[in-house]
Visitor: 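Quick one: the structure is below, and I'll ask about it shortly.
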Amino acid sequence: MTYRNPPTTPRKSATFDDYTLSEIRRAAATGIYDIRGGGAKRKLPHFDDLLVLGASISRYPLEGYRERCDTSVVLGSRYAKKPIELKIPITIAGMSFGSLSGPAKEALGRGATLAGTSTTTGDGGMTEEERGHSKVLVYQYLPSRYGMNPRDLRRADAIEVVVGQGAKPGGGGMLLGQKISDRVAEMRTLPKGIDQRSASRHPDWTGPDDLEIKILELREITDWEKPIYVKVGGARPYYDTALAVKSGADVVVIDGMQGGTAATQEVFIENVGQPTLACIRPAVQALQDLGMHRKVQLIVSGGIRNGADVAKALALGVDAVSIGTAALVALGDNDPRWEADYNELGTTAGAYDDWHEGRDPAGITTQDPELMQRVDPIAAGRRLANYLKVMTLEAQTIARACGKNSLHNLEPEDLVALTIEAAAMAGVPLAGTNWIPGKNGF
Ligand SMILES: Cc1cc2nc3c(=O)[nH]c(=O)nc-3n(C[C@H](O)[C@H](O)[C@H](O)COP(=O)(O)O)c2cc1C
């Protein structure tokens with residue numbers, strides 16, 4: 001007689017979950033790796049793992065309706081003759097023209113300007129839409145040098161030397177042929193319709209000593225007027241911050257692994273780099289060790305969504321944050337109103353990430369002349385400005401509750417962590433204790 005197990009509820013493996021199984025099948029069927037846009041989708045320690053304490057007997061709160069809470073920030077006060085003054089400490093991150101449509105770039109410029117902040121170019125150069133509608137525009141100087149020219153360096157208000165991105169530290173960009181229109185091809189001086197892979201490292205320097213020379217060159221071209229930012233992906237934030245400062249940066253930008261990208265290998269997005277939360281404390285520590293905290297400003301990005309995230313990042317010692325994905329959502333990306341179109345692409349609003357394919361129903365991550373008409377730059381810009389305003393008000397609400405008359409007076413003492421991991425990464429006590437795991441060593 002053969003023994004048979006009595007029936008039980010079928011149990012799926014946590015290791016080989018449905019998504020993993022479908023990826024194995026997809027790889028087996030196609031022989032190519034998956035490329036997508038967006039940031040890491042797996043659950044990672046994040047700002048949600050921190051809580052703000054608020055005032056109590058030892059702290060005195062400010063009244064929201066009559067007491068000021070300053071939100072302005074100055075970026076580039078170290079060397080630049082013309083530092084940047086922003087009304088809010090939330091900037092728009094660099095997103096390439098090519099990955100984004102012209103109307104989307106215009107909308108970003110309009111929204112940022114209405115809100116009193118800056119926007120940033122990206123791989124592929126500066127567009128007139130963006131320069132024309134951005135009061136403050138940061139010009140990216142990237143490994144690919146696509147679309148780079150000295151005239152545009154001088155037309156910018158600041159320069160951001162991109163060493164890496166949080167979604168792909170050490171990796172280069174991708175722009176697939178579908179999105180290489182005549183205009184994109186011309187700006188990049190590359191052929192139309194052919195997949196482009198941007199370089200992962202700068203062609204003319206290999207390390208911090210060369211970076212110092214490059215920064216000096218950029219300062220000379222721009223008459224020492226423009227602040228020079230250095231942007232790195234969140235990999236080794238302590239040393240990268242220290243080396244960027246040594247190389248002469250005015251501003252250090254750290255992009256954590258939740259940071260969005262236009263197109264990168266899925267395996268890269270989910271497995272390379274450190275969570276945004278884990279990058280902040282080492283970067284601030286590096287600035288403090290060099291006596292440069294608040295002299296060289298620190299901008300952090302990667303998964304910033306609301307005013308609470310802003311307040312928590314600032315409390316940890318950051319001067320400003322930067323947003324990419326959230327800004328695109330404010331413009332209309334992944335909006336349920338296009339659900340039928342998302343379904344046709346085999347996905348759903350909220351999950352659409354095939355930004356490299358150029359078929360974005362919302363008209364944002366596309367070069368398709370018809371689809372991009374779906375973005376009304378004026379209305380979308382207004383939505384972005386509204387969103388930035390709400391984030392700022394939220395951050396102010398939190399700061400006032402902590403008794404702070406400036407967002408920049410928030411401090412680590414205003415925070416506790418919900419998990420041991422977040423406590424160790426952020427360097428704040430675990431809630432209900434005075435224990436900071438791993439204090440004095442990271
Ligand atoms: C569509 C898209 C295009 C991007 N293009 C660039 C780029 O050209 N250069 C760059 O440094 N970063 C680029 N990034 C990364 C952003 O500058 C930023 O680091 C990231 O989006 C921040 O994370 P968040 O999207 O979670 O806010 C891009 C991001 C997105 C979403």
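Note that the numbering runs from 1 along the sequence shown for the chain. Just so you know, ligand 1 is whichever comes first in the structure, and atom 1 is the first atom listed for that ligand. Atom set for the values below is all heavy atoms of this structure, side chains included, hydrogens, waters and symmetry mates excluded.
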Visitor: Quick one: does Gly302 get a heavy atom under 4.0 Å from ligand 1?
Guide: yes

Visitor: Taking only heavy atoms of Gln258 into account, list the atoms of ligand 1 that are under 4.0 Å away from them.
Guide: 26 (O)

Visitor: Contact between Ile323 and ligand 1, counting heavy atoms under 4.0 Å?
Guide: yes

Visitor: With a 4.0 Å heavy-atom cut-off (strictly under), which part of Glu160 contacts ligand 1: side chain, backbone, both or neither?
Guide: neither

Visitor: Report the relative orientation of the aromatic rings in Tyr79 and Trp224; use parallel for angles under 30°, tilted for 30 to 60°, perpendicular for over 60°.
Guide: perpendicular

Visitor: Looking only at N/O atoms, are Gly303 and ligand 1 under 3.5 Å apart anywhere?
Guide: yes

Visitor: Would you compute the distance between atom NZ of Lys192 and atom CD of Glu186 and round it to the nearest 0.5 angstrom?
Guide: 12.0 Å

Visitor: Quick one: does ligand 1 sit under 4.0 Å from the side chain of Met95, the backbone, both or neither, non-hydrogen atoms only?
Guide: both

Visitor: Is Asp223 reaching over with its side chain to a backbone N or O of Glu225, donor-acceptor style, under 3.5 angstrom?
Guide: no

Visitor: Polar contacts were defined as any N/O atom of the residue lying under 3.5 Å from an N/O atom of the ligand; does this apply to Asp123 and ligand 1?
Guide: yes

Visitor: Please identify which atoms of ligand 1 are closer than 4.0 Å to at least one heavy atom of Gly122.
Guide: 8 (O)

Visitor: Examine Lys231 against ligand 1 and note whether any of their N/O atoms are separated by less than 3.5 Å.
Guide: yes

Visitor: What is the closest protein heavy atom to atom 13 (C) of ligand 1, and at what distance does it sit?
Guide: Gly94 O, 2.8 Å

Visitor: Got a donor-acceptor contact below 3.5 angstrom from the Gln367 side chain to the Ile180 backbone?
Guide: no

Visitor: Do Thr276 and Gln258 have side-chain atoms, one donor and one acceptor, less than 3.5 Å apart?
Guide: yes

Visitor: Quick one: look up the protein heavy atom nearest atom 31 (C) of ligand 1 and list residue, atom name and how far away it is.
Guide: Trp355 CZ3, 3.7 Å

Visitor: Are Thr365 and Ser101 close enough, and set up right, to give a side-chain contact (heavy atoms from CB on, under 4.5 Å), and what steps lead you there?
Guide: CA-CA 6 Å; Thr365 56; Ser101 64; over 6 Å; no

Visitor: Where does Thr325 meet ligand 1, judged by heavy-atom distances below 4.0 Å: at the side chain, the backbone, both, or neither?
Guide: both

Visitor: Give the residue and atom name of whichever protein heavy atom lies nearest to atom 9 (N) of ligand 1, and the separation in Å to one decimal.
Guide: Gln140 OE1, 2.8 Å

Visitor: Applying a heavy-atom cut-off of 4.0 Å, say which part of Thr120 lies close to ligand 1: side chain, backbone, both or neither.
Guide: neither

Visitor: Tell me whether Gly324 has any N or O atom under 3.5 angstrom from an N or O of ligand 1.
Guide: yes

Visitor: Taking Arg219 for its side chain and Gly248 for its backbone only, find out whether a donor-acceptor pair lies under 3.5 Å.
Guide: yes

Visitor: With a sphere of 6.0 Å drawn around CZ of Arg201, does it hold more than 12 non-hydrogen atoms of other residues, nucleotides or ligands?
Guide: no

Visitor: So is Arg183 actually on top of Phe97's ring, under 6.0 Å and inside 45° of the axis?
Guide: yes

Visitor: Within the supplied structure, the quantity of interest is the number of heavy atoms (other residues, nucleotides, ligands) at a distance under 6.0 Å from Glu85 CD; does it exceed 12?
Guide: no

Visitor: Considering heavy atoms of the protein only, find what lies nearest to atom 29 (C) of ligand 1 and give residue, atom and distance to 0.1 Å.
Guide: Gly260 O, 3.4 Å

Visitor: Looking only at protein heavy atoms, identify the closest one to atom 18 (C) of ligand 1 and say how far it is in Å.
Guide: Ala93 CB, 3.6 Å

Visitor: Please list the nearest protein heavy atom to atom 22 (C) of ligand 1 with its residue and the distance rounded to 0.1 Å.
Guide: Asp255 OD1, 3.5 Å

Visitor: One residue to check: Ser99. Relative to ligand 1, which of side chain, backbone, both or neither has a non-hydrogen atom less than 4.0 Å away?
Guide: side chain

Visitor: Would you compute the distance between atom CG of Leu114 and atom NZ of Lys87 and round it to the nearest 0.5 angstrom?
Guide: 9.5 Å

Visitor: List ligand 1 atoms under 4.0 Å from Val162, heavy atoms only on the residue side.
Guide: 11 (O)

Visitor: Regarding Lys226 and Asp157, does a basic nitrogen lie under 4.0 Å from an acidic carboxylate oxygen?
Guide: no

Visitor: Please identify which atoms of ligand 1 are closer than 4.0 Å to at least one heavy atom of Gly259.
Guide: 22 (C), 23 (O), 26 (O)

Visitor: Atoms of ligand 1 less than 4.0 Å from Ala262 heavy atoms?
Guide: 1 (C), 2 (C), 3 (C), 30 (C)

Visitor: For Glu160 and Thr120, test the side chains for any donor-to-acceptor distance below 3.5 angstrom and give the result as yes or no.
Guide: no

